[in-house]
Number of protein chains: 2
Amino acid sequence: MVKQVASIVDVAKLAGVSIASASRVLSGSSYPVSEETRQKVLKAAQELNYVPNSLARSLRAQRSNLIAVLVGDNADPYFAEIVRGVEDVANDCGYLTIVCNSDRKKEKELNYLRILQDYRADGVIFAGGALNEPGYPAQLEKAIKSMLDRGAAVVTLAQHTLQVPSIQADNFAGARAMTQYLQQLGHRRIGFVSGPTNVTVANVRLQGYMAAMVEAGLQIDPGLILSGNFDQASGEMAAQAILQIPPEQRPTAVFAANDETAFGLLSGLGRLKIRVPQEISVCGFGDLPMAQMVVPALTTVHIGLRELGRAGARKLLAMLHREEVPPLEVMPTHVVPRDTTTSPSVASSALKMVDTP
Amino acid sequence: MVKQVASIVDVAKLAGVSIASASRVLSGSSYPVSEETRQKVLKAAQELNYVPNSLARSLRAQRSNLIAVLVGDNADPYFAEIVRGVEDVANDCGYLTIVCNSDRKKEKELNYLRILQDYRADGVIFAGGALNEPGYPAQLEKAIKSMLDRGAAVVTLAQHTLQVPSIQADNFAGARAMTQYLQQLGHRRIGFVSGPTNVTVANVRLQGYMAAMVEAGLQIDPGLILSGNFDQASGEMAAQAILQIPPEQRPTAVFAANDETAFGLLSGLGRLKIRVPQEISVCGFGDLPMAQMVVPALTTVHIGLRELGRAGARKLLAMLHREEVPPLEVMPTHVVPRDTTTSPSVASSALKMVDTP
DNA sequence: ATGAAAGCGCTAACAA
DNA sequence: TTGTTAGCGCTTTCAT
């Protein structure tokens, strides 16, 4: 049996006051109300178990207090952390968080944007980068334009085709710093397992690696740049590929463009009986929670993913409050040395001596 | 500059028809409308870039097409998978998914429930079990009652104090099967690292383990039941504890109440230079995605978490459609043998022979 | 087949 | 300080 919920009219009636007075009390308006009236209203509301109808309030106020976070897949730990950060801030500020999985498919993303427009979502956070499908930038631009026209706010947490305020991890500096860390450990032949070529952050990380190599006066060996796909499988394949390289040309360290690839590298090398870090050092990028759980614990570049989500949400809310926000903010990243990296082994060092006498 | 969005009134005006006709076309009503009128409306809507206002529609329809999934922490891979499953089904059926992190705090959970009531959420899915705080059952019961009164649907995905339809993984059978699997491998001294005592599923898993031990005619050695907390740290501590046990009484296999604890066990044992599975077998419960990524890959009990989320959402939607649903459904679980388990080593076997001549 | 109008629950402008 | 009322955008009787 469905019982009707009490509305503000019922409360006003029971309290013996006007609807307006009831509203003024119940909505927390600053409009003056006599203490007596206030008490009567509160008592009636309590008695009727009154709950305000946010739908009606939103319709009236032209703002929904709903924000959305658009991710490739919320079960991917990278996005999971961001979503958590967003939700934290949203919850604190009285917003509800809608999670939207696009699977990096244009259709799903655009469909969600349409629905969010229908619901008058106050803001949208793009956690991932731009998609690489034909017609994407233009269609997205159009969808976003109508949201902005409506007064909604949009923020991205990665490089994007969208010209909206953004906050991003410093992928370039992070990759460069990690490469330098490996160099300081004594590595010269440093491999890199790239990410998908159509994902911008993957390319930026590759650039950081290359910059550090060039700066250290080391030649970039195309044979040491393996193509990956940001997933574990591509890490395993990279491990196989490394085994194919003649021992004297083999890298003494491999830097994966993200943690998942590094995990694949770890399991692939383990299967091939190549010990990490004794025979080869491995590192990743991202510092997912499980990076410290695997054995040996993964050396990686730390991104404060949860903090990125929080900062993104804060930025969005600031925009909703019509505050000025910088168009681009960069979050620092840093190397976290753990157990998968060490100085190159004696054998390798000996070889290295031969290489660079 | 904020531009106003076209409403149905604008569309009707431009099309030169009544609001009612416009609504009938735009809302996909089955009410008959002449083809000519239909085209005029469609054209006008197109021209004005009309998007329906779901808030208004929901207010009118008394249903929001919003569902919520209540989790401890969406960044916990266990919950992340469930949320993904829920979102999949919700999205397919035209619902939006709100993610609510409770951190297993009564206050946060109840607060969310209140807000969800405000928004007239059509349904709520409790992904985790009941919380263990004073007054929780009664307060929750009250909050849920008013949701149900309103016609909302509620489903739980774990054992709960709430008397609402539920769908759950078969934790007992899974734990029993895993224990039997270890026994078949030849293990006799099987340890168990428990979960938090106030979490029901943790206890159920322990029961499954104990049942299998008893059924196999093996005595339950309280010294082999280590207390854990469902987190990695407790797994590491359990590893320490195991080392304290005199070698001849030490378990040849350890079954952790969940995967995270098993990961902790793995890293703890690794640090103590105890090889897995050669010296000790380890297994977990849950089959998180990373269970197959760690080296060696974790033997564990598989729960279709994403499928659990999907099934939960389907059940919720069925209830919203006023269909009859079974009060309790059980999802099968099964053992996934991987690389952390093997037959007890010769040394241990020899000892075992001494134990049971 | 079409249109006028009531009303979902709320807030704010205006009147008293 | 309080009350009356218009209207947010939509759907759905109820007339026509």
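Letters go in sequence order (proteins before strands), and every chain restarts at 1.
- Rounded to whole Å, the distance from NZ on A:K13 to P on C:dC10 is 13 Å.
- Residue B:N53 contributes atom CG, which lies 13 Å from atom C1' of D:dT11 at whole-angstrom precision.
- Heavy-atom distances under 4.0 Å link DNA chain D to A:R24, A:Y31, A:P32, A:V33, A:S34, A:T37 of residues 24-38 of chain A, given in residue order.
- Residues A:S30 and A:R24 fail the side-chain proximity criterion, which asks for heavy atoms closer than 4.5 Å.
- Side-chain contact of B:S166 with B:T156: a donor-acceptor pair under 3.5 Å is present, judged by distance alone.
- Atom-to-atom, CG of A:L48 to P of C:dG9 comes out at 13 Å; the value is rounded to the nearest Å.
- The ring-ring contact (aromatic ring centres under 6.0 Å, His included) check on A:Y95 picks up nothing, with sequence neighbours excluded.
- With rounding to whole Å, A:Q39 atom CD is found 12 Å from D:dT2 atom P.
- Between the CD1 atom of A:I8 and the C1' atom of C:dC8 there is a distance of 14 Å, given to the nearest Å.
- Using a 4.0 Å heavy-atom cutoff across all strands shown, B:S7 reaches sugar-phosphate atoms only and no base atom.
- Residues passing the salt bridge (Lys or Arg N to Asp or Glu O under 4.0 Å) test with B:R314 are B:E307, sequence neighbours excluded.
- Atom C1' of nucleotide C:dG9 and atom CZ of B:R57 are separated by 18 Å, given to the nearest angstrom.
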If you look only at distance, which donor and acceptor atoms sit under 3.5 Å apart when one is on a side chain in residues 8-22 of chain A and the other is two or more places apart or in another chain?
residue: A:D10; atom: OD2; partner: A:S7; partner atom: N; Å: 2.7
residue: A:S18; atom: OG; partner: A:A20; partner atom: N; Å: 3.4
residue: A:S18; atom: OG; partner: A:S21; partner atom: N; Å: 3.1
residue: A:S18; atom: OG; partner: A:S21; partner atom: OG; Å: 3.2

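- In the helix from C:dA1-D:dT16 to C:dA16-D:dT1, the rotation axis of the first five pairs and that of the last five pairs differ in direction by 50°, rounded to 10 degrees.
- Contacts between residues 59-66 of chain B and DNA chain C, defined by a heavy-atom separation below 4.0 Å, involve B:L59, B:R60, B:Q62, listed by number.
- Each side-chain hydrogen bond (donor to acceptor under 3.5 Å, both in side chains) pair with one or both residues in residues 34-53 of chain A, not counting sequence neighbours, appears once here: A:S34-A:T37, A:E35-A:Q39.
- Taking B:R306 as the reference, A:D73, B:E81 meet the salt bridge (Lys or Arg N to Asp or Glu O under 4.0 Å) condition, with sequence neighbours excluded.
- Atom C1' of nucleotide C:dG7 and atom CG of B:L55 are separated by 17 Å, given to the nearest angstrom.
- The A:S18 side chain lies nearest to D:dT2 when the options are D:dT11, C:dC10, D:dT2.
- Not counting sequence neighbours, B:R60 has no partner by the salt bridge (Lys or Arg N to Asp or Glu O under 4.0 Å) test.
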Only distances under 3.5 Å count here; give the side-chain donor-acceptor pairs of residues 129-139 of chain B to other protein atoms, sequence neighbours excluded, each with its distance to 0.1 Å.
residue: B:E133; atom: OE2; partner: B:K106; partner atom: N; Å: 2.7
residue: B:Y136; atom: OH; partner: B:E109; partner atom: OE2; Å: 2.5
residue: B:Q139; atom: OE1; partner: B:K106; partner atom: NZ; Å: 2.7

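- What separates CD1 of B:I19 from C1' of C:dC8 is a distance of 16 Å, to the nearest Å.
- The listed nucleotides are D:dC10, D:dG3, C:dC10; the one nearest the side chain of A:Y50 is C:dC10.
- Partners of A:A318 according to the side-chain contact (heavy atoms from CB on, under 4.5 Å) rule, which considers only residues two or more places apart in sequence or in another chain, are A:E323, A:V325.
- If you check the side chains of A:Q62 and A:R120, you find no donor sitting under 3.5 Å from an acceptor.
- Residues passing the side-chain contact (heavy atoms from CB on, under 4.5 Å) test with B:A121 are B:L116, sequence neighbours excluded.
- Note on A:S21: every side-chain N or O is 4.0 Å or more away from OP1 and OP2 of D:dT2.
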